Structures are given as structure tokens and as C-alpha cells.
Amino acid sequence: MGKKLTDRITWVGKVDWTLRKFHGDEYSTHKASSYNSYLVRDEKTALIDTVWLPYDKEFVTRLKEEIDLNEIDYIIANHAEVDHSGALAELMREIPDKPIYCTANGAKILKGHYHEDWNFVTVKTGDTLSLGETSLVFVEAPMLHWPDSMFVYMTGENVLFSNDAFGQHFATELLYNDLVDQAELYHEALKYYANILTPFSPLVTKKIQEVLALNLPVSMICPSHGVIWRDDPTQIVKQYLIWADGYQENQITLVFDSMWESTRKMAEAIARGIQNVDPTVTLKLHNAATQDKNDIITDIFKSKAVLVGSSTINNGLLYSIGGLLEMMKGLKFRNKKAAAFGSYGWSGEAVKQISERLAGAGFALVDDGIRIQWVPDTAAEEKCVRYGESFAKALME
Ligand code: FEO
């Protein structure tokens, strides 16, 4: 089962090849995922994290093939979320007295999840646990991804076990960043950042700067999902600093829902106008009703501006756009401009409502948006083209 990373570190996780949805329906995993768990052996032995609950028995069975469970001295729970703590209950049935090292918040959350009074040893940033020649150094990393999250740095091996940070929902048996398709890896790492870590960007920057200031040598970064960064391991750290700093590319995303295609026609005409003014800008058009919401969010993350469109229905906006705007608000995007558009029959409230919600989500409104009544004719389409031109020009000011 285990895969040896170094003489002292063995990967004992689970590659979940068929996973297509994570966090319920909150995150699409087109490339599946993995739950990385690591067995660290020196004079003392530590197990860092476990796997998601459905694989708890399989995990413990396979772990027994790797080691006599009684030889595990310490369990490190970097994060209480069930994708990493899910096999703890099964494991603790076998070795109930072993200490579980976690943050104070980690102990609270693990108790809240499993309702067990395990032997919790709470740690803070800078605390160390000697394994013999090597030691584990604990670094609290609150909100990366939950209040309890922490990193563990192993001296001697110079390995950072970063839990959710620097991860990707990307299944591979190849383990390492240099062995997989680089474009796929970059995309999955960016999608993961965009959809999970964007709201915590200020904390990402602060934590990375705090860790960099320690000047620790890093030979590998071992996250809890996806590949291990061994080739130029700090490349992902540098990338996180870029992504956390109001990231944008020369891209504009138009996302809409459309009852009878009028709002779609508007989107395409606006896009033509944008292209008239800025032929080099990357344009992405998404129908929120039919396209994957996390792919849309990934494109919004990459964009300097976004246009959100909906037909008006029942004095409001369409369901898929309502849901997407809720996601956009929660993700706390920074440094992005926006406007609304949409067709309507009589009352036509959607554009105003979208504008208000975009402003509330922290987007800088370029203008009041554009509405077209009924099906756009040639003149109305031309109006949308002109609108796209003025929108693109406004971005250049
Ligand atoms: Fe991979 Fe926040 O759990």
C-alpha cells in the first residue's frame, strides 16, 4: 500500500479515482482527488492525517500491512475536516490511547465530529515533537482551510506537510509534481485556489511570509490532496503569493442564464464589442445553467472583469445566476470590475438586482449595465456591441 518518499517518510493515503463531487455538490472534481496520509518513521513513529470516512476500514487495513499499529507513537491531525480525519475513529478503535497532536481548535472540532474523548495534545506555532534525529515543528495556519488547520515541518528531511494548502483535486498514482501533465496540474492547483482559498487570500499572504521568514530549507511540500511538490517545491508557494494578490489575467468572463436565448444573444454581442476595442483580451462565455459552476468561478478568478446576465423572471433573476452570485460573494474576490446585462419582457428588475449583488460582493461596477426588452433585433444587438465597446474602454481608463 505504502509508497516510500524517503527512507523515513511513506505515503499511506488513498487515491479516490471516481470522485466527481467534493464537499457535497460544492466542488466538481473532474480529475478526482486523493487524501494523502503520511507515515513518518524515526526512533519514534508518527502518522500525519488519515483519509475520508468512506475509506476508513480500507485505510486501517492497509496501514496494518505497512506497520504494526502499536508501533505508531503519535498521530498528527493537521485538520479536522472529514476528508482527513475520517479514518481516525476506525484507527482509534485499534490504538485508543495514542496521543493525537492538533491545535486547540482541532481538538474542539474533532470532538464535535466524533464525540470521543481521545488523548488530545494541543500544540501551537513553534512547538516541536522530537522523533529522534528528526523533529516535527508545528505551525498553526488558521483558515487555511478551517480555524483548526496547521502545517507540520519535519527537520532533517526538510519536508513541509501543508495539509489543504498547496493541494489540488487531482488523482494520480505518480505522486510527484514533475511526473504529471504540467498544464493539468497548474489548472487543478489554480481551480483549487480559486474555489477554496480565495476568501482567505490575506491570510495566505501573511502565513507564507511568516514561514518564508524562518528561512527553512524545503526539499518537498506534501499537501493532503494531489501531487507532492518535489521538483522546485517552492514554485507553488510563489504561485500562491501571486494568486493571493488580487490575481487577474487579461481576461473578461461573461456569464449568463437565458430563458429564450435573448440574454445569450446579448452576451455574444457584448463580447463582439469588447473584442472590437481589445482584440487581445481573452473572452470566456458561460451559461451558468448548463456549465460547471467551479469552472465558471475559475474563469472569474482569472478575469479582470466579469459581466453577469440574466433574464428577468418573477421580478427577479434566474436561479443559476442567483446561486453563482452567492458563491461570488462568499469568495470575496478583489481587484475585479463588473457589470450586469439581461433581457426582459415587462418589469425587468434582474439587471439592477445583479448590479447590487455584484457591488455587495466587492466588484467595482463599471456602469449600470444594459437591458434589452424582448428579443434583440439588429438595432438592439448593435446597442449591445456598442455597450461592449464602452465597457472595454472603461477598463482601459
Ligand atoms: Fe481537505 Fe479542508 O479539507
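Because the structure is predicted, anything quoted here is derived from the model rather than measured.
Between His23 and His145, the ring centre distance stays below 6.0 Å. A distance below 6.0 Å separates the ring centres of His84 and His225. Ring pair Phe333/Trp243: centre-to-centre distance not below 6.0 Å.
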With salt bridge (charged side-chain N to carboxylate O under 4.0 Å, His left out) as the test, would you mind laying out the steps for Lys293 and Glu26 before giving the verdict?
CA-CA 9 Å; Lys293 62 189 181 310; Glu26 196 221 338; over 6 Å; no
Evaluate the salt bridge (charged side-chain N to carboxylate O under 4.0 Å, His left out) criterion for residues Glu389 and Arg386: first the C-alpha distance (whole Å), next the side-chain angles of each, then the deciding distance (0.1 Å), finally the verdict.
CA-CA 5 Å; Glu389 289 171 352; Arg386 298 283 94 80; 2.9 Å; yes
Please report the C-alpha distance between Tyr193 and Phe301 in whole Å, then the side-chain angles of each, then the deciding distance to 0.1 Å, and finally whether the ring-ring contact (aromatic ring centres under 6.0 Å, His included) criterion is met.
CA-CA 9 Å; Tyr193 189 96; Phe301 176 75; 5.8 Å; yes
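Shown here is Tyr319, whose OH atom has no more than 12 heavy atoms of other residues, nucleotides or ligands within 6.0 Å. More than 12 heavy-atom neighbours from other residues, nucleotides or ligands sit within 6.0 angstrom of CG on Asp232.
A side-chain N or O of Glu157 and one of Thr6 form a donor-acceptor pair less than 3.5 Å apart. Side-chain contact, Tyr186 with Glu188: no donor N or O sits under 3.5 Å from an acceptor N or O.
Using a cutoff of 4.0 Å between basic side-chain nitrogens and carboxylate oxygens, Glu268 and Arg264 are scored as salt-bridged. Between Arg62 and Glu65, no side-chain nitrogen of the basic residue sits less than 4.0 Å from a carboxylate oxygen of the acidic one, so the salt-bridge criterion is not met. For Lys191 and Asp295, the salt-bridge test passes: some basic side-chain N is under 4.0 Å from an acidic carboxylate O. Under 4.0 Å is where a charged nitrogen must lie from a carboxylate oxygen, and between Glu140 and Lys207 no such pair does. The pair Arg8-Glu133 meets the salt-bridge criterion, since a charged nitrogen lies less than 4.0 angstrom from a carboxylate oxygen. Glu58 and Lys14 are joined by a salt bridge, as a carboxylate oxygen and a charged side-chain nitrogen come within less than 4.0 angstrom of each other. Under the 4.0 Å criterion applied to side-chain N and carboxylate O atoms, Glu116 and Lys111 are not assigned as salt-bridge partners. Salt-bridge annotation for Lys352 and Glu356: present, with a side-chain N of the basic residue lying under 4.0 Å from a carboxylate O of the acidic one. Looking at Lys64 and Glu94, a side-chain N of the basic residue comes within less than 4.0 Å of a carboxylate O on the acidic one, giving a salt bridge.
Both Leu53 and Trp118 sit in one connected hydrophobic cluster of ILVMFWY residues. Membership requires side-chain heavy atoms under 4.5 Å apart, directly or through other members. Under the 4.5 Å side-chain heavy-atom criterion for Ile, Leu, Val, Met, Phe, Trp and Tyr, Met328 and Leu317 are members of the same hydrophobic cluster.
Ring pair Trp146/His113 is tilted by interplanar angle, where 30° to 60° counts as tilted. Aromatic ring orientation, Phe138 versus Tyr101: parallel (interplanar angle below 30°, classes split at 30° and 60°).
Under a 3.5 Å cut-off, the side chain of Ser149 and the backbone N or O of Pro142 do not form any donor-acceptor pair. Judged by distance alone, the side chain of Thr134 and the main-chain N or O of Leu131 form no donor-acceptor pair under 3.5 Å. At distances below 3.5 Å, not a single donor-acceptor pair connects side-chain atoms of Thr263 with backbone N or O atoms of Gly342. Looking at Asp181, its side chain does come within 3.5 Å of a backbone N or O of Ala183 through a donor-acceptor pair. Without hydrogens or angle criteria, Ser34 side chain to Gly226 main chain gives a donor-acceptor distance under 3.5 Å. Under the 3.5 Å distance criterion, the side-chain polar atoms of Tyr114 are matched with a main-chain donor or acceptor of Ser85. Using modelled atom types, one side-chain atom of Ser310 and one backbone atom of Leu318 make a donor-acceptor pair closer than 3.5 Å. At least one donor-acceptor pair under 3.5 Å links the side chain of Asn119 to the backbone N or O of Asp97. In this structure, Asn195 contributes its side chain and Asn294 its backbone to a donor-acceptor pair below 3.5 Å. Checked by atom type and distance alone, the side chain of Ser343 never pairs as donor or acceptor with a backbone atom of Ser311 at under 3.5 Å.
Once rounded to the nearest 0.5 Å, the distance linking CG of Leu254 with CG of Leu285 reads 4.5 Å. A distance of 7.5 Å separates OG of Ser130 from CG of Asp42, quoted to the nearest 0.5 Å. From Thr298, atom OG1 reaches atom NE2 of His286 across 8.5 Å, with rounding to the nearest 0.5 Å. To the nearest 0.5 angstrom, Glu381 atom CD is 7.0 Å from Lys265 atom NZ. The OH atom of Tyr387 sits 6.5 Å away from the CD1 atom of Ile270 when rounded to the nearest 0.5 Å. Separation of atoms CE (Met143) and CG (Asp148) is listed at 9.0 Å; rounding is to 0.5 Å.
In plain terms, the two heavy atoms of Trp17 and Arg20 that are nearest each other are O-NH1, 3.3 Å.
Under the 4.5 Å side-chain criterion, counting only non-hydrogen atoms from C-beta, Arg357 is not in contact with Val308.
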